[in-house]
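Residue indices begin at 1 and follow the sequence shown.
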Amino acid sequence: MGPQRADLLKKELGIFTFVDLLNHFPFRHVDRTKLNSISDITFTTEFAQVAGVLLSVELIGQRSGKRLVAQLKDKTGIIELTWFQGLNWVQKILQEGQSYLAFGRISFFNGQPQIIHPELELLVPGGMAAKEFLEPIYSTTEKLKARGLGGRHIGKLTQLLIGMLHEKDVTENLPEPLLKQLKLISRFKAYRQVHFPQTSAEYDDAVKRIKFEELFMAQLRMNLIRSSRHRFSKGVVFDKVGDLFNDFFKNHLPFGLTGAQKRVIKEIRTDTARGRQMNRLLQGDVGSGKTIVAVLIMLLAVDNNYQACLMAPTEILAQQHFQTISELLKGVNVQVALLTGSTKSAARKKILNELQEGPIKILIGTHALIEDAVQFNNLGIVIIDEQHRFGVAQRAKLWQKATVPPHVLVMTATPIPRTLAMTAYGDLDYSVIDEMPPGRQPITTVHRYESHRSKVMDFIRTEIDKGRQVYIIFPLIEESPKLDYENLVKGYENVKAYFPEPKYWISMVHGRQPGEQKEANMKRFVVHDTQIMVSTTVIEVGVNVPNASVMVIESAEKFGLSQLHQLRGRVGRGAEKSYCILLTGSKLGNDARERIRIMTETNNGFVIAEKDLELRGPGDIEGTRQSGALNFRLASIVQDRPLLEVARNIAAKLLEDDPDLISAENLRLKEFLHYQKGNVVWSKIS
Ligand code: ADP
Ligand code: MG
């Protein structure tokens with residue numbers, strides 16, 4: 001291929017090498033291995049290939065309706081072939097009385113089957129009528145098409161390439177016993193058959209093999225990272241449960257722990273006692289009680305003579321954590337401090353000093369915690385609340401604050417579907433709080449059309465008059481902050497018309513406000529100065545106002561499922577019965593209708609996360625890392641869930657038996673992982 005077209009192939013499809021070309025899989029095949037009898041073609045026939053004699057070729061119609069129509073006849077009937085373009089050229093090459101092979105999409109015109117712009121080949125006597133392979137169709141781009149690199153041409157290149165390859169060029173990377181066990185075809189065969197299968201069964205075999213390989217290699221890589229941390233990392237040791245933990249547990253715990261909380265604490269304790277660094281993801285739906293787990297673990301750290309810190313994504317959350325935790329630890333002899341962006345400089349200086357000297361054992365704060373000026377005496381664990389606001393780089397920065405890296409516990413309230421957790425977070429250890437504290441009243445969620453707004457407002461009034469508080473949330477329109485703002489202000493005026501001062505007070509919070517103003521407005525709501533909070537989604541993360549019992553979400557159809565669920569989690573935190581009202585316009589798309597339906601049917605964050613994954617696909621799920629772990633070419637963690645489970649189990653078992661992949665049959669796995677780009681695993685191990 002000449003340099004210009006090669007360049008275009010790189011730019012348009014990212015195909016630089018033979019390997020890239022091999023990995024540019026067809027998105028479908030058409031079956032040209034069989035001939036159809038014309039009389040067998042029905043309204044349900046999508047594509048057909050027929051062989052017959054060309055009867056007549058006629059130019060008919062005027063101007064734009066002008067077309068070339070030919071009749072092709074086999075033993076069973078006649079089909080029309082029609083061209084609207086290139087008429088002169090086609091007319092010149094068509095020869096009446098000759099035999100042709102015609103292929104194309106079937107349409108019907110006046111009740112007669114026809115093929116518009118068929119692919120046509122002269123049939124030489126005794127020649128092969130049908131193709132040997134299912135014909136692959138490749139994706140391409142307009143630019144490539146214009147330069148003669150359409151899908152068909154790419155197929156020709158691929159065919160040429162595959163013809164040049166031998167078994168040894170596409171080396172097998174899966175162990176023999178595994179191929180046998182799962183009845184997988186060889187890698188070479190799989191690559192050939194994914195492009196040029198002879199039957200659809202051959203194609204299916206190829207797809208299964210390649211999908212498994214993708215999922216399996218990803219699982220192996222993740223497992224290796226994790227197990228290398230388990231085996232080789234250094235970590236501080238929390239091996240004793242001391243006075244603080246015991247005192248708090250026996251004398252100050254305000255409630256009995258749920259089974260899930262106990263289990264998770266045990267998992268973390270085991271993990272932090274081994275002398276290896278813990279890197280763990282803790283998932284628990286909003287309200288599942290992650291804070292108390294964090295508190296107990298921080299006490300464990302302090303009992304072992306280490307400091308602990310807890311980071312929250314916003315100032316107000318950090319403050320709330322500080323209040324809650326100070327209250328919980330009131331009778332316990334441990335020094336807790338709060339450090340945020342707005343800590344005054346004298347106080348800050350004192351805190352920094354005491355952190356470095358050691359008397360402060362538990363530090364709670366925001367991003368300000370990771371400023372370079374913050375030096376710990378001996379930091380043992382970092383707990384990160386509401387993880388998706390924190391980047392990986394920030395986490396790494398914290399690790400540098402101690403010679404032996406502290407344990408890291410990332411707590412997230414955004415439930416991640418199991419399959420996603422396995423693939424995107426497979427290198428982390430993983431704990432789940434899958435049980436709610438007892439006595440929670442489920443939140444009642446209803447869908448109302450905007451036309452019923454005044455009834456909704458009446459309902460809100462009765463709740464407020466009972467002493468409750470209400471959130472009213474407006475969507476963020478990312479493309480237009482200005483429109484957002486106008487929308488919100490309009491909404492605010494509207495709410496105000498229903499709820500006039502001085503009987504009612506409203507807090508308004510939005511992204512355009514300066515930080516302090518935002519905090520001040522939120523605070524007024526938190527301390528019940530205001531009864532209504534009108535806001536864009538800035539409150540999504542974590543404020544705790546147990547007295548708030550109603551969540552109204554305006555234009556709910558504009559929100560994703562996870563987001564709706566997160567928002568709903570702001571209510572139902574107190575003893576009162578809580579409600580979530582999803583307001584929408586009267587016209588709803590199918591997906592939006594489905595989201596609303598799911599919200600009204602379940603409160604279970606994990607069920608919602610699974611549905612979200614199904615509806616949106618993994619690429620868009622919040623909290624998904626840009627790790628490349630999900631960049632599968634064929635596999636899908638939604639559709640191929642069973643295969644993913646198989647791959648995961650086999651990978652785990654295999655590494656248990658042969659953790660360094662040194663047995664003769666596993667060596668090829670090791671070599672393959674080495675060869676793959678971004679060869680993180682082995683550099684970490686060595
Ligand atoms: P989240 O997981 O969303 O951070 P929190 O830790 O804020 O949840 O807990 C939500 C509420 O549940 C808090 O008021 C907390 O005191 C309460 N809580 C937590 N665990 C229990 C429990 N085992 N029994 C009763 N209440 C609990
Ligand atoms: Mg929380």
Please find the pair of heavy atoms, one from [X] and one from [Y], that lie closest to each other, and give the distance.
{"X": "H195", "Y": "P26", "result": "ND1-CD, 3.6 Å"}
{"X": "Q307", "Y": "N377", "result": "OE1-N, 2.8 Å"}
{"X": "Q49", "Y": "L101", "result": "CG-CD1, 3.8 Å"}
{"X": "L379", "Y": "C309", "result": "CD1-N, 4.0 Å"}
{"X": "Q277", "Y": "P406", "result": "NE2-O, 3.0 Å"}
{"X": "I433", "Y": "A260", "result": "CG2-CB, 3.9 Å"}

Can you tell me how far the [atom1] atom of [X] sits from the [atom2] atom of [Y], to the nearest 0.5 Å?
{"X": "F216", "Y": "N173", "atom1": "CZ", "atom2": "CG", "result": "9.5 Å"}
{"X": "L144", "Y": "I154", "atom1": "CG", "atom2": "CD1", "result": "6.0 Å"}
{"X": "D658", "Y": "N666", "atom1": "CG", "atom2": "CG", "result": "4.5 Å"}
{"X": "D204", "Y": "I185", "atom1": "CG", "atom2": "CD1", "result": "10.0 Å"}
{"X": "S663", "Y": "K670", "atom1": "OG", "atom2": "NZ", "result": "10.5 Å"}

With a 4.5 Å cut-off on side-chain heavy atoms, are [Y] and [X] touching?
{"X": "R5", "Y": "L149", "result": "yes"}
{"X": "V194", "Y": "Y203", "result": "yes"}
{"X": "T366", "Y": "M311", "result": "no"}
{"X": "L661", "Y": "L673", "result": "yes"}
{"X": "L363", "Y": "L310", "result": "no"}
{"X": "L355", "Y": "Q375", "result": "no"}
{"X": "I15", "Y": "K10", "result": "no"}

How about [X] and [Y]: are their ring centroids closer than 6.0 Å?
{"X": "Y138", "Y": "H153", "result": "no"}
{"X": "F103", "Y": "F47", "result": "yes"}
{"X": "H29", "Y": "F196", "result": "no"}

Starting from the C-alpha separation in whole Å, work towards a yes-or-no answer on side chain to side chain contact (heavy atoms under 4.5 Å, CB included) for N304 and D239.
CA-CA 7 Å; N304 285 277; D239 57 355; 3.3 Å; yes
Thinking salt bridges, do [X] and [Y] make one under a 4.0 Å N-O criterion?
{"X": "D205", "Y": "R209", "value": "no"}
{"X": "K180", "Y": "E665", "value": "no"}
{"X": "E213", "Y": "R633", "value": "no"}
{"X": "R231", "Y": "D660", "value": "yes"}
{"X": "K653", "Y": "D657", "value": "yes"}
{"X": "D271", "Y": "R280", "value": "yes"}
{"X": "E435", "Y": "R263", "value": "no"}
{"X": "R229", "Y": "D429", "value": "yes"}

Does the [X] side chain pair with the main chain of [Y], one donor and one acceptor, at a distance under 3.5 Å?
{"X": "D640", "Y": "A635", "answer": "no"}
{"X": "K290", "Y": "G284", "answer": "yes"}
{"X": "E202", "Y": "Q198", "answer": "yes"}
{"X": "N23", "Y": "V19", "answer": "yes"}
{"X": "D612", "Y": "I608", "answer": "no"}
{"X": "T171", "Y": "K168", "answer": "no"}

Heavy atoms from other residues, nucleotides or ligands near NZ of K211 exceed 12 (cutoff 6.0 Å):
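Yes, NZ of K211 has more than 12 neighbouring heavy atoms, counting only those of other groups under 6.0 Å.
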Start with the C-alpha distance between E135 and K34, add both sets of side-chain angles, then the distance that settles salt bridge (charged side-chain N to carboxylate O under 4.0 Å, His left out), and finish with yes or no.
CA-CA 11 Å; E135 188 169 297; K34 292 184 206 74; over 6 Å; no
Evaluate V646 against F212 for side chain to side chain contact (heavy atoms under 4.5 Å, CB included), listing each step before the verdict.
CA-CA 9 Å; V646 171; F212 179 81; 4.2 Å; yes
Parallel, tilted or perpendicular for F238 and H407, by the 30°/60° rule?
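The rings of F238 and H407 stand perpendicular, inter-plane angle above 60°.
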Give the C-alpha distance, both sets of side-chain angles, the deciding distance and a yes or no for side chain to side chain contact (heavy atoms under 4.5 Å, CB included) between L409 and V382.
CA-CA 6 Å; L409 179 67; V382 177; over 6 Å; no
Determine, step by step, whether L174 and R668 satisfy the side chain to side chain contact (heavy atoms under 4.5 Å, CB included) criterion, reporting the C-alpha distance in whole Å, the side-chain angles of both residues, the deciding distance to 0.1 Å, and the verdict.
CA-CA 7 Å; L174 296 176; R668 48 175 74 164; 5.7 Å; no
Just do the side-chain hydrogen bond (donor to acceptor under 3.5 Å, both in side chains) check on T412 and Q283 with the steps written out, would you?
CA-CA 5 Å; T412 169; Q283 265 199 71; over 6 Å; no
